[in-house]
Amino acid sequence: MATESQPNHQKKLMIPLKTRIALTVISTFTDNAQRPDGSINRRFLRLFDFRAPPNPQPVHSVSSSDFVVDPSRDLWFRLYTPHVSGDRIPVVIFFHGGGFAFLSPNTPPYDNVCRRFAGKLPAYVVSVNYRLAPEHRYPAQYDDGFDAVKFLEENRGEVLPANADLSRCFFAGDSAGGNIAHNVAIRVSRARCFAAVKLVGIISIQPFFGGEERTEAERSLVGMPLVSPDRTDWCWRAMLPEGANRDHEAAKPSVVDISGLDYPDTMVVVAGFDPLRDWQRSYCEWLKLSGKRVTLVEYPNMFHAFYIFPELPEAGQLVQRIKDFVEERVASLSA
């Protein structure tokens, strides 16, 4: 596990030029799409919203295809199939980031990330297209995530190949997707409707949590890529129920008691230059206090969403660490 050797205020974030340009473009488009009244100019975003289509032909030994769960709410998922041998390949259900309000499974960076996961782990990766805020507020995102899992439970024979093993199921997500993975996991742990799906691990990459108080990281990490208190406050206002504040259970996991739930082992990824890092570390501590097993993996010199940039060495290192976590969890099932 990476550790932090000195306080962040003594360090300087170093980002390659190519990555820095991409971060600036992303921030510019999302900031300009946010209207003062709390709505989003979707028409503006569509002008620059490049989409990666599914590809039934293997690319780096991974093919992809789309499945519709509920057309009335545009609920669908992209399945990434690794062309590897083996009769019990894990299934990773992935929720993309974007502050609950932006992006989708066919956004090129997420298409690339999920393809990488499928090939490297290897695993069948199910990337869920959930409804976005502010048009759809809490609990729409969690409803969609749960219903996608239920769809897999009920239609596994028509959707998944025979060697896809839902008894080795992982949830994964970054930023808002990490939040969704956590909350859907709580719902699945409480439900009595799953026989094939057995959730054995959560991969929580820089999950988006918060609260009314300001943490030290939020106060000190000014000017970091993608994340700032103003941006995260906007996202919470867009997603939370009307009248709710950031101490709502959707934002602050610790207000919910999960001590009695069969909540799975969790891997939490934290970056040193992420203003959300203190909330993510608090999440880890809360999981431990709740009697759950958690592994904290830190990248002290990285920023929010670093892993979607394959040119960064740490992005490849994280994929390897996720592979290790999946293999460890799968091995423990037969121990």
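Atoms considered below: every heavy atom in the structure, side chains included; atoms not considered: hydrogens, waters and symmetry mates.
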Salt bridge (Lys or Arg N to Asp or Glu O under 4.0 Å) against K288, all qualifying residues, sequence neighbours excluded: E285
Please list every donor-acceptor pair under 3.5 Å in which a side-chain atom of residues 54-62 meets a protein atom from a residue at least two apart or in another chain.
from, atom 1, to, atom 2, distance (Å)
N55, OD1, Q57, N, 2.9

Residue set satisfying side chain to side chain contact (heavy atoms under 4.5 Å, CB included) with V222, at least two apart, ordered chain then number -> none
Salt bridge (Lys or Arg N to Asp or Glu O under 4.0 Å) involving E242 - partner list, sequence neighbours excluded: R137
Within residues 22-33 or reaching into it, pairs that qualify as side-chain hydrogen bond (donor to acceptor under 3.5 Å, both in side chains) - sequence neighbours excluded: D31-R231
Taking only residues at least two apart or on different chains, which pairs with a member in residues 140-153 satisfy side-chain hydrogen bond (donor to acceptor under 3.5 Å, both in side chains)? R73-D144, R73-D147, R131-D144, Y142-N179, Y142-N183, D143-R187, K150-E154
Name all pairs fulfilling the ring-ring contact (aromatic ring centres under 6.0 Å, His included) condition that reach into residues 210-235, sequence neighbours left out, sorted by first residue then second. none
Test of understanding: with side chain to side chain donor-acceptor pair (under 3.5 Å), list the residues that count as partners of R293, not counting sequence neighbours. D265
Sequence neighbours excluded, every pair satisfying salt bridge (charged side-chain N to carboxylate O under 4.0 Å, His left out) that has a member inside residues 36-46: R42-E135
Mind checking salt bridge (Lys or Arg N to Asp or Glu O under 4.0 Å) for R168 and listing every partner two or more places apart, or none if nothing turns up? D165
Which residue pairs pass the side-chain hydrogen bond (donor to acceptor under 3.5 Å, both in side chains) test with at least one member in residues 194-210, sequence neighbours excluded? Q206-D274
Scan the side chains in residues 95-109 for donor-acceptor partners under 3.5 Å anywhere in the protein, sequence neighbours excluded, and list what turns up.
from, atom 1, to, atom 2, distance (Å)
H96, ND1, Y130, OH, 3.4
S104, OG, N106, N, 3.4
S104, OG, N106, OD1, 2.5
S104, OG, T107, OG1, 3.4
N106, OD1, R51, NH1, 3.0
T107, OG1, S104, N, 3.1
T107, OG1, S104, O, 3.2

